[in-house]
Number of protein chains: 2
Amino acid sequence: MRNTLELGKSTEAGGVKAPETLAALAYQRLRQDIITGVFAPGQPLRLELLRQRYGLSFSPLREALNRLQTERLVASAALRGFSVAAVSTEEMWDATETRILIESEALRRSIEYGDDDWEARIVSTFHSLDLQARRMTNSETVSMEELSALEARHKDFHGALIAKCRSRRLIDLADQLYAETQRYRLPTLTGKTPATSRNIAGEHRQIMEAAFARNTDEAVALLTAHYRRTSESIERFMAEHMS
Amino acid sequence: MRNTLELGKSTEAGGVKAPETLAALAYQRLRQDIITGVFAPGQPLRLELLRQRYGLSFSPLREALNRLQTERLVASAALRGFSVAAVSTEEMWDATETRILIESEALRRSIEYGDDDWEARIVSTFHSLDLQARRMTNSETVSMEELSALEARHKDFHGALIAKCRSRRLIDLADQLYAETQRYRLPTLTGKTPATSRNIAGEHRQIMEAAFARNTDEAVALLTAHYRRTSESIERFMAEHMS
DNA sequence: AAAACTCTTTCTTTCGAAAATCAGACATGT
DNA sequence: ACATGTCTGATTTTCGAAAGAAAGAGTTTT
């Protein structure tokens, strides 16, 4: 009896491609479940548990876990299996500052090489993000679906900013670091829903406008401040609420 | 019958740790064989072949290949297996410029935080590298062992420069990018043995001295020029010798 | 001859069981 | 009581076989 490789064919929005092997499927689902906090930081990832949860065998799970390990979302001890990577302010800051380094350079190059198409995509993703954010501030209840939709739009916007940097490596690294830092912004960790404390939309707009004005240094400074503020806010929260 | 996990216990020099699982062993050996050109760029990596070559089963090999894929040393098509990542001037330059970005920042921080211990290690590794290089320029024949010894010393020196940057991520990224760029410096690709065309030792010494003088901008500029010169030289060679 | 189809071969991918290892409980001796 | 050693159950890691997919050869059809 075998899982007959009938995988989701829909090429969904938000940059998620249909997996072509079970290992790729395991990677996507595990990654998502770690990023969204379904599995808590530090929690052991027992193979048997995952096998049941995803209906897969050891091999594809193991491959997925190995990939996630190199992305620092999963930790593993020699013969003691895997666990969700732990969180700490040190790790958060290292991820944040590395992300700033990568995205600053990527943004510089994108501004240099960016064309009409680039601007169009930024405007479009900014608008989608803004719309989703407004929709959520108006309603009292925030569903899980809306939260992940907001997250997807947010990711799209930041992706659009650096899309024209002409470096596969910078884009992939930004992607990785986005996933790492996303874990720290989770309501399960910070207790509050995003977009409440600061004027996030305003910061995004400022970055966009500086980029369009080809004001490179200004755009980079704004982006840097944007990321540092977020991490500082999380650091404050963690200091208060965790012993 | 099973491979009884009796792994090399010796903690060898050059930053190679004894593997604790067969998957880790497979990773190390495969990585080395790809970096040193035992497997040519673009060459398919058939599982059966690897199984025989390393005396391992599919599972550990597959895990190793997956890890190497995220490091861009191995490429894989959906259901068509793995192959050694192809080489191209575009990829080389992307790797080079990304490396410059990472190591420049890492060097800046290392200079800021570096202590006596840091300087000592740089002096020591520079000396070892210099010694090995002199040994090789004097003798006519260059053995494979000497070449890999030189490579190890070279890696140690560049590692020592950025060792005190206080960022796991920057160090690991530098490591990865070192491996990527190393493939382009291979005699099998460039035709010539290293350290012949330029005054490599002199460039290294300049970087070291600028770092010790806490002349940050100068050190970074020298390091950048060092890497760009190498890639330019390889690019010239490739343009001449490959159609 | 070109296109479409089937068959065969080759290879990857997945599975589930077997082996190896670890962690903790229990017992033994000092 | 405190080490020290052994056993046991849980878990990871590895293996080899089986299933599935792709590429190419040969065959038939248009």
Side-chain angles (χ1 to χ4, degrees), chain A residues 1-9 17-31 34 39-40 42-70 73-86, chain B residues 1-9 17-31 34 39-40 42-70 73-86:
Chain A
M1 184 114 45
R2 173 150 179 219
N3 207 324
T4 178
L5 240 297
E6 34 139 303
L7 309 143
K9 295 297 176 201
K17 278 166 234 153
E20 297 189 300
T21 67
L22 295 183
L25 177 69
Y27 170 77
Q28 281 187 10
R29 298 197 55 186
L30 261 169
R31 191 172 199 258
I34 290 170
F39 297 122
Q43 175 183 345
L45 294 168
R46 299 259 163 60
L47 272 307
E48 183 55 34
L49 177 88
L50 300 176
R51 202 176 70 82
Q52 289 178 11
R53 181 179 169 87
Y54 300 118
L56 300 171
S57 194
F58 296 118
S59 320
L61 288 171
R62 193 150 247 288
E63 284 186 22
L65 289 165
N66 265 288
R67 275 185 72 183
L68 291 167
Q69 194 194 351
T70 64
L73 292 174
V74 158
S76 87
L79 287 152
R80 253 168 286 167
F82 301 87
S83 59
V84 181
Chain B
M1 185 110 50
R2 174 152 179 216
N3 207 325
T4 176
L5 239 299
E6 34 138 304
L7 309 143
K9 295 294 176 203
K17 279 165 234 153
E20 297 190 302
T21 66
L22 296 183
L25 177 69
Y27 169 76
Q28 281 187 9
R29 299 197 54 185
L30 260 170
R31 191 172 199 258
I34 289 171
F39 297 121
Q43 175 183 344
L45 294 168
R46 300 259 164 59
L47 272 306
E48 181 56 33
L49 176 89
L50 300 177
R51 203 177 69 82
Q52 289 178 12
R53 182 179 169 86
Y54 300 119
L56 299 171
S57 193
F58 296 118
S59 319
L61 288 171
R62 193 150 246 289
E63 284 185 23
L65 288 165
N66 265 288
R67 275 185 71 183
L68 291 167
Q69 193 193 352
T70 65
L73 291 174
V74 158
S76 87
L79 287 153
R80 253 167 289 169
F82 301 88
S83 59
V84 180

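A note on names: the letters A, B, ... follow the listed sequences, proteins ahead of strands, and every chain is numbered from 1. Everything numeric here is computed off the predicted structure, so don't read it as measured data.
The side-chain hydrogen bond (donor to acceptor under 3.5 Å, both in side chains) test applied to Gln52(A) returns Glu48(A), not counting sequence neighbours. For the side-chain hydrogen bond (donor to acceptor under 3.5 Å, both in side chains) test, residues two or more places apart in sequence or in another chain that qualify with Arg53(A) are Asp33(A). In this view, Ala24(B) and Pro19(B), Thr21(B) satisfy the side-chain contact (heavy atoms from CB on, under 4.5 Å) rule, not counting sequence neighbours. Looking at residues two or more places apart in sequence or on another chain, you find a side-chain hydrogen bond (donor to acceptor under 3.5 Å, both in side chains) between Arg31(A) and Tyr27(A), Glu71(A). Evaluation of the side-chain hydrogen bond (donor to acceptor under 3.5 Å, both in side chains) rule for Thr70(B) yields Thr70(A) as partners, not counting sequence neighbours.
Residue contacts for Leu45(B): at a heavy-atom cut-off of 4.0 Å it reaches the sugar-phosphate backbone alone, with no base atom in range. Nucleic acid contact for Arg46(B): sugar-phosphate only, since backbone atoms but no base atoms lie under 4.0 Å from a heavy atom of the residue. Among the heavy atoms of the strands lying under 4.0 Å from Phe58(B) is at least one base atom, whether or not backbone atoms are also near.
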In residues 58-66 of chain A, what donor-acceptor pairs under 3.5 Å come from side-chain atoms, sequence neighbours left out?
{"from": "Arg62(A)", "atom 1": "NH1", "to": "Glu63(B)", "atom 2": "OE1", "distance (Å)": "3.2"}
{"from": "Arg62(A)", "atom 1": "NH1", "to": "Glu63(B)", "atom 2": "OE2", "distance (Å)": "2.6"}
{"from": "Glu63(A)", "atom 1": "OE1", "to": "Arg62(B)", "atom 2": "NH1", "distance (Å)": "3.2"}
{"from": "Glu63(A)", "atom 1": "OE1", "to": "Asn66(B)", "atom 2": "ND2", "distance (Å)": "3.0"}
{"from": "Glu63(A)", "atom 1": "OE2", "to": "Arg62(B)", "atom 2": "NH1", "distance (Å)": "2.5"}
{"from": "Asn66(A)", "atom 1": "ND2", "to": "Arg62(A)", "atom 2": "O", "distance (Å)": "3.0"}
{"from": "Asn66(A)", "atom 1": "ND2", "to": "Glu63(B)", "atom 2": "OE1", "distance (Å)": "3.1"}

Distance-only donor-acceptor pairs under 3.5 Å for side chains of residues 75-83 of chain B, two or more places apart:
{"from": "Ser76(B)", "atom 1": "OG", "to": "Gln69(B)", "atom 2": "NE2", "distance (Å)": "3.0"}

- Note on the structure: Taking Watson-Crick and G-U wobble contacts under 3.5 angstrom, with | marking pairs to another strand and [ ] crossing pairs, the secondary structure of DNA chain C is written ||||||||||||||||||||||||||||||
Using nucleotides 23-25 of chain D, report all nitrogen or oxygen pairs with the protein that are shorter than 3.5 Å.
{"from": "dA23(D)", "atom 1": "OP1", "to": "Arg80(B)", "atom 2": "NE", "distance (Å)": "3.1"}
{"from": "dA23(D)", "atom 1": "OP1", "to": "Arg80(B)", "atom 2": "NH1", "distance (Å)": "3.0"}

